[in-house]
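Input: a single structure, listed below in structure tokens.
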Amino acid sequence: MTAFTVAALVLVVATAGLLRWRRPAWYWLTFGVTLAALRVLIRYASVMDACGLTVPPSRWRLALARIADRPAPESRVPRILRLRPTRTGLVLRLKLRPGQDAFDVAAASDRLRHSFAMYGVTSREVRSGVVELRMTGYDVLKRVQMPAKTDARPMRVPVALREDGSVHYRDYRAVPHALTLGATESGKSVYQRNLVAGLAPMDVALVGIDCKQGVELFPLARRFSALADNPDTAAELLDALVDHMQGVYQLIRAEQRISVAVPDADIAADIWDLPEELRPVPVVVLVDEVAELALFANKEEEKRRDRIITALVRLAQLGRAAGIYLEICGQRFGSELGKGITMLRAQLTGRTAHRVNDETSANMAFGDISPDAVLAAIQIPAELRGVAIAGDSTGGWHRIRAPHTSLRQAVNVCNKHADRTPALPVLEPFRPAVAAPPAPRVPLSKTAPVTA
């Protein structure tokens with residue numbers, strides 16, 4: 001081996017080590033994906049046998065071995081249908097043998113992670129008898145990098161990255177209403193900024209309720225159709241939204257055209273069944289701190305509180321077909337906030353919990369969904385801001401993290417798409433009054449302008 005070859009090999013190893021330390025994503029794309037694929041293919045049979053994911057040979061194979069006087073065949077492993085590399089790991093699709101179950105593979109995920117020397121392994125059942133293993137080669141949540149291309153659709157926003165490397169979407173048509181919890185400095189505000197920045201380019205009306213005197217949402221006011229910064233204004237705004245919802249239902253009822261000659265697919269049941277020229281603009285309502293709307297100190301504030309919670313429950317129960325979607329955020333969400341809170345929670349299908357200070361808040365988010373999600377939520381360390389547990393009413397949950405978006409970046413996106421802000425007549429009294437964006441600075445010149 002020549003000196004040049006040795007020097008080149010040392011340089012390659014040093015480069016790989018440096019990339020793995022400083023740029024794990026670059027290391028994976030250059031060196032890691034090839035090494036991991038070879039490791040999986042070489043160790044596959046022995047790992048599956050060690051993890052108990054094999055089945056005994058069938059009777060006809062044993063009988064054939066006896067007739068031919070050959071050794072008994074070995075146990076069979078799940079068949080590899082496809083091995084696909086991704087920007088964060090590998091996707092291994094397996095065909096299960098008769099007698100195997102997808103739960104067996106899910107239970108062995110942690111042992112597969114160690115055996116294949118991967119950072120994480122998650123499994124999901126694609127269809128009956130087919131399981132997909134998503135293996136990540138490095139900690140994708142340590143430095144979140146969203147892919148350049150995402151599957152963005154109307155009312156579907158990519159907001160975070162999951163621990164298996166896939167994109168986490170907030171799909172309003174699939175999950176109309178959601179609850180987001182998080183203690184102070186847990187990353188809840190960054191998640192909300194990503195949500196607003198993702199909705200800004202879409203044809204949607206944004207309505208905000210920020211009882212912290214508007215410090216979170218009012219910088220984004222140019223993209224909002226209505227904003228409230230105190231409970232009194234919030235009560236009036238929610239009543240206006242209820243009136244808007246009733247008007248939309250009257251429009252849907254007038255356009256249903258139910259008759260024997262009308263096909264079932266043409267009967268309108270929500271705004272998405274209406275013709276595009278008649279379809280009202282969907283509305284997303286963001287409540288920054290729900291506890292401020294539920295607290296009261298005297299009888300008058302109690303009446304206002306009941307009015308607010310009643311309006312929120314009505315919007316959560318009836319707003320989906322009218323194109324009204326709720327995003328309820330808060331540091332604390334518990335039954336001690338008063339009557340109607342648990343009824344409101346029951347309508348919030350999507351659940352996202354950042355680091356919380358008590359187990360009760362995690363139970364309010366995931367207690368009726370998955371005990372494992374509750375345990376994962378209370379174990380989020382304080383130094384990992386932005387890491388959250390996202391789940392829904394199906395019982396599934398994922399660990400996610402939103403990319404860091406500063407307030408200035410979110411403001412720039414909202415200002416860029418300010419012309420998309422719809423003007424709804426019923427919300428016009430609550431339209432935030434904002435000054436025109438400043439004109440671009442004119443560079444100074446040493447020479448005076450020439451005048452006629």
For Asp101 and Asp104, run side-chain contact (heavy atoms from CB on, under 4.5 Å): C-alpha distance rounded to whole Å, both residues' side-chain angles, the deciding distance at 0.1 Å, then the answer. CA-CA 5 Å; Asp101 186 75; Asp104 299 332; 3.8 Å; yes
Determine whether Ile328 and His177 satisfy the following criterion, side-chain contact (heavy atoms from CB on, under 4.5 Å), listing intermediate values before the conclusion. CA-CA 8 Å; Ile328 307 296; His177 313 301; over 6 Å; no
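- The side-chain heavy atoms of Val55 and Pro98, taken from C-beta on, include no pair separated by under 4.5 Å.
- Listed by chain and number, the residues in a side chain to side chain contact (heavy atoms under 4.5 Å, CB included) with Glu125 are Ala102 (sequence neighbours excluded).
- Using modelled atom types, one finds no donor on one side chain facing an acceptor on the other under 3.5 Å when comparing Thr122 with Arg134.
- Remark: the backbone N or O of Val91 is not paired with any side-chain donor or acceptor of Arg84 at under 3.5 angstrom.
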Check against side-chain contact (heavy atoms from CB on, under 4.5 Å), Gln347 and Leu326: CA-CA 10 Å; Gln347 305 297 327; Leu326 298 183; over 6 Å; no
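- Put simply, the side chain of Leu424 reaches to within 4.5 Å of the side chain of Val283, judged on heavy atoms.
- Judged purely by atom type and a 3.5 angstrom limit, His354 uses its side chain to pair as donor or acceptor with the backbone of Leu181.
- Pairing each heavy atom of Val175 with each of Gly350, the nearest pair is CG1-N, 3.3 Å.
- The closest donor-acceptor contact from the side chain of Arg401 to the backbone of Glu163 lies at 3.5 Å or more, if one exists at all.
- Using a 4.5 Å cut-off on side-chain heavy atoms (C-beta onward), Arg355 and Val387 make no contact.
- Within the 4.5 Å cutoff, no side-chain heavy atoms of Arg113 are placed close to those of Thr136.
- For Arg97, the salt bridge (Lys or Arg N to Asp or Glu O under 4.0 Å) criterion is met by no residue, not counting sequence neighbours.
- Between Arg156 and Asp151, at least one side-chain nitrogen of the basic residue sits less than 4.0 Å from a carboxylate oxygen of the acidic one, meeting the salt-bridge criterion.
- Annotation for Arg314: atom CZ does not count as buried by contact number, only 12 or fewer foreign heavy atoms lying within 6.0 Å.
- Residues Leu286 and Gln192 form a side-chain contact, since some pair of their non-hydrogen atoms from C-beta on lies under 4.5 Å apart.
- When atom types are taken as modelled, the side chain of Thr421 and the backbone of Arg222 share a donor-acceptor pair closer than 3.5 angstrom.
- The shortest non-hydrogen separation linking Ala45 to Val77 is O-CG1, 4.1 Å.
- A donor-acceptor contact shorter than 3.5 Å is absent between the side chain of Asp270 and the backbone of Arg320.
- Residue pairs that meet the salt bridge (charged side-chain N to carboxylate O under 4.0 Å, His left out) test with at least one member in residues 187-196, sequence neighbours left out, do not exist here.
- Between the side chain of Asp210 and the backbone N or O of Glu216 there is at least one donor-acceptor pair closer than 3.5 Å.
- Contact of the Leu238 side chain with the Val242 side chain is not registered, since no non-hydrogen atoms from C-beta on lie closer than 4.5 Å.
- Under a cut-off of 6.0 angstrom, the local environment of CD in Gln317 is crowded, with over 12 non-hydrogen atoms contributed by other residues, nucleotides or ligands.
- Under the 3.5 Å distance criterion, the side-chain polar atoms of Arg332 are left unmatched by any main-chain donor or acceptor of Ala291.
- Counting heavy-atom neighbours within 6.0 Å of Phe116 CZ, excluding the residue itself, gives a total above 12.
- Contact of the Asp164 side chain with the Arg399 side chain is not registered, since no non-hydrogen atoms from C-beta on lie closer than 4.5 Å.
- No side-chain donor-acceptor contact under 3.5 Å links His168 to the backbone of Arg162.
- Scanning all heavy atoms of the two residues, the minimum distance from Val313 to Gly340 falls at CG2-O, 3.9 Å.
- Distance alone, capped at 3.5 Å, places no donor-acceptor pair between the Arg124 side chain and the Glu132 backbone.
- Contact detail for Leu344 and Leu312: the closest heavy-atom pair is CD1-O, 4.0 Å.
- Annotation for Tyr249 and Ala321: closest pair OH-CB, 3.5 Å, computed over non-hydrogen atoms.
- Heavy atoms of other residues, nucleotides or ligands lying less than 6.0 angstrom from NZ of Lys339 number 12 at most.
- Geometric assessment of Arg170 against the ring of Tyr172 yields a positive cation-pi assignment under the 6.0 Å and 45° thresholds.
- The heavy-atom pair separating Leu293 from Val287 by the smallest distance is CD1-CG1, 3.7 Å.
- Under a cut-off of 6.0 angstrom, the local environment of CD in Glu277 is crowded, with over 12 non-hydrogen atoms contributed by other residues, nucleotides or ligands.
- Between Thr405 and Val413, the closest side-chain pair of non-hydrogen atoms is not below 4.5 Å.
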With side-chain contact (heavy atoms from CB on, under 4.5 Å) as the criterion, how do Leu94 and Tyr44 come out once you've worked through the C-alpha distance, each side chain's angles and the decisive distance to 0.1 Å? CA-CA 11 Å; Leu94 306 177; Tyr44 178 74; 3.5 Å; yes
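- In this structure, Arg351 contributes its side chain and Ala365 its backbone to a donor-acceptor pair below 3.5 Å.
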